Amino acid sequence: MREIRFRAKTVVRKQWAHGSLITYPDGSADIHGVDILKTGSQRIEFMQVDRETACQFTGCYDKNCTEIYEGDIIK
């Protein structure tokens with residue numbers, strides 16, 4: 001069974017966020033992810049993301065072991 005994960009660009013920092021996608025009736029979306037701190041402990045984060053950039057993990061990896069998401073261009 002493949003892992004169901006998403007990535008999307010955050011609204012504030014425009015960086016990729018990875019985790020579970022949560023969409024709301026008003027059209028906004030959040031990524032629910034786990035952040036690993038320098039101390040080794042973990043914390044749960046909710047990051048507001050641009051819903052248009054959301055894509056799902058395919059379960060495949062490229063030759064460099066990088067995750068492939070829907071919409072990625074592979075050469």
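Quick caveat: nothing in here was measured; it's all calculated off a predicted structure.
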Pair T66-N64, side-chain donor/acceptor within less than 3.5 Å
no
Taking the six-membered ring for Trp, are F57 and Y69 parallel (under 30°), tilted (30 to 60°) or perpendicular (over 60°)?
tilted
Do L21 and I4 sit in one hydrophobic cluster, given that two such residues count as connected whenever their side-chain heavy atoms are within less than 4.5 Å of each other, even indirectly?
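Linked, L21 and I4 end up in one cluster.
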As a quick check of understanding, evaluate side chain to side chain contact (heavy atoms under 4.5 Å, CB included) for F6 and H18, giving each step before the final call.
CA-CA 6 Å; F6 292 86; H18 297 81; over 6 Å; no
For a side-chain contact (heavy atoms from CB on, under 4.5 Å) with R7, tell me which candidate from T53, V49, D72 qualifies.
D72
Identify the two heavy atoms, one from T58 and one from E70, that lie closest to each other, and give their separation to 0.1 Å.
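That closest heavy-atom pairing would be CG2-N, 3.8 Å.
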Exercise: identify the closest heavy-atom pair between A54 and A8:
CA-CB, 3.7 Å
Residues E67 and R5 bridged, charged N to O under 4.0 Å
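Answer for the salt bridge query: yes.
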Distance col, row R13:CZ vs Q48:CD, nearest 0.5 angstrom, shows 13.5 Å
Short question: side chain of T10, backbone of M47 - any donor-acceptor pair under 3.5 Å?
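Answer holds: no.
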